[in-house]
Amino acid sequence: MSEDLLRKLQMLEEDFAGQPLVVQQADLREINQLRSRLGMPLVDAHLKEIGVAAAVEEEAKPEPVEVQDHTEAREIYQAYLKKIEELEVHQAYAEQVAKATSGPGQTPVRPLATMGTNGGPLLCDHCGKPIVLEGGQFHGVTADVAWKQNPRGNWNSWIHGGMVVEIQTNGTLRIYHGYPGRDTKHCCNVASREDKKARDKFESSNGSETQNRILAFPMIRAFLEHEFPDRTEEERLDLLNKILDTMYSYDPGIGVNRPSTRS
């Protein structure tokens with residue numbers, strides 16, 4: 001029975017193209033009836049199987065890719081680059097001053113007198129005054145005044161009342177009068193208390209630094225993966241941590257002493 005239906009179907013489909021339109025319409029109905037009885041797909045007026053082309057096209061069509069919006073993360077990254085560029089100059093300056101004033105015993109006078117803002121003296125970040133020398137002919141004289149009177153060589157001096165050279169958490173310079181932990185009124189100790197108070201206030205008023213970092217982490221990480229696909233995962237994570245530290249940690253600022261801008 002099926003063989004007879006199949007032979008009849010083949011004959012109708014073979015003769016279909018040469019038949020007049022009216023005959024084609026009648027034959028098409030019969031063709032589809034036969035196909036239905038044989039469990040075959042129905043065809044259209046061109047004898048194309050209905051649904052097959054659409055199904056193939058649907059199967060070949062790729063799933064739409066969700067495009068993630070990196071606008072906010074990109075703005076954070078650009079702000080980070082700007083901040084890092086500004087900090088690098090002050091960080092390099094801080095290292096230069098720390099190296100020039102370091103060492104056991106007496107302190108070189110020249111950097112105290114000339115490595116401050118625009119070639120002036122280094123100033124205390126708390127009281128804003130120069131460092132005072134101790135002993136010899138310049139006892140009680142500020143470093144800049146003493147250097148003007150004896151501007152030669154790399155002579156050293158004791159420091160009256162002590163001095164602290166500190167690199168802050170953002171890599172910038174701080175200079176203070178005094179000895180840490182001795183007299184609570186010494187500039188270095190007053191500044192230390194003020195710094196702690198400012199950090200505590202920042203932490204309590206910003207919904208906690210840790211929470212802000214956690215919220216920003218996946219957004220910035222996705223941006224870095226999109227922006228720097230050629231970098232390793234370790235390199236991207238290292239950059240991510242630098243961005244989070246710079247943008248979400250407490251910022252102590254620059255300090256009163258600045259690198260020279262004179263040409």
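Worth knowing before you read on, the calculation uses all heavy atoms, side chains too, and leaves out hydrogens, waters and symmetry mates.
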Answer yes or no: is there a donor N or O on one side and an acceptor on the other, between the side chain of [X] and the main chain of [Y], under 3.5 Å?
X      : Y      : result
Asn257 : Leu173 : no
Gln91  : Asn170 : yes
Asn241 : Leu237 : yes
Asp125 : Ile175 : yes
Arg236 : Phe228 : yes
Thr246 : Ile243 : no
Ser157 : Pro108 : no
Asn189 : Gly181 : yes

Side-chain contact test, heavy atoms from C-beta onward, threshold under 4.5 Å: evaluate it for [X] versus [Y] and give yes or no.
X      : Y      : answer
Met163 : His177 : no
Leu123 : Thr117 : no
Glu227 : Arg74  : yes
Glu225 : Glu233 : yes
Ile214 : Tyr248 : no

Cation over ring face, Arg182 and Tyr179, 6.0 Å, 45°
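Cation-pi check for Arg182 and Tyr179: passes.
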
Which is it for Arg35 and Glu13 under the salt bridge (Lys or Arg N to Asp or Glu O under 4.0 Å) test, yes or no, and what are the steps along the way?
CA-CA 11 Å; Arg35 282 178 160 271; Glu13 290 183 342; 2.9 Å; yes

Evaluate whether atom [atom1] of [X] has more than 12 neighbouring non-hydrogen atoms of other residues, nucleotides or ligands under 6.0 angstrom away.
X      : atom1 : value
Met11  : CE    : no
Glu85  : CD    : no
Gln149 : CD    : yes
Glu72  : CD    : no

Set out, in order, the CA-CA distance, both residues' side-chain angles and the distance that settles side-chain contact (heavy atoms from CB on, under 4.5 Å) for Tyr80 and Asp245, then state yes or no.
CA-CA 10 Å; Tyr80 158 77; Asp245 287 341; over 6 Å; no

Report the C-alpha separation of Met219 and Ile76 in whole Å, then their side-chain angles, then the decisive distance to 0.1 Å, and conclude whether the side-chain contact (heavy atoms from CB on, under 4.5 Å) test is met.
CA-CA 10 Å; Met219 173 179 63; Ile76 293 172; 3.6 Å; yes

Evaluate the criterion side-chain contact (heavy atoms from CB on, under 4.5 Å) for residue pair Thr184 and Arg193; output intermediate values, then yes/no.
CA-CA 9 Å; Thr184 58; Arg193 293 194 299 273; 3.7 Å; yes

Go through it in stages, so that I can follow the logic: the residues are Asp195 and Arg174, the test is salt bridge (Lys or Arg N to Asp or Glu O under 4.0 Å), and I'd like the CA-CA distance, side-chain angles, deciding distance and then a yes or no.
CA-CA 12 Å; Asp195 181 68; Arg174 298 295 186 276; over 6 Å; no

Electrostatic pair Asp144:Lys148 at N-O distance under 4.0 angstrom:
no

Pair Phe138 + Trp155: ring centers closer than 6.0 Å
yes

Verdict with reasoning, Asp200 to Lys196, per salt bridge (Lys or Arg N to Asp or Glu O under 4.0 Å)
CA-CA 6 Å; Asp200 291 343; Lys196 183 179 185 306; 3.0 Å; yes

What class does the angle between the rings of Tyr77 and Phe223 fall in, given that below 30° is parallel, 30 to 60° is tilted and above 60° is perpendicular?
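Rings of Tyr77 and Phe223: tilted, 30 to 60°.
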
What I want to check is whether the side chains of Arg199 and Thr169 have a donor and an acceptor closer together than 3.5 Å.
yes

Holding to ring-ring contact (aromatic ring centres under 6.0 Å, His included), I want the full list of residues that pass it with His160, two or more places apart in sequence or in another chain.
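Scan of His160 (ring-ring contact (aromatic ring centres under 6.0 Å, His included), adjacent residues dropped) gives His139.
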
For Leu112 and Thr107, what are the C-alpha separation, side-chain angles and deciding distance, and is it a side-chain contact (heavy atoms from CB on, under 4.5 Å)?
CA-CA 8 Å; Leu112 299 179; Thr107 302; 4.0 Å; yes

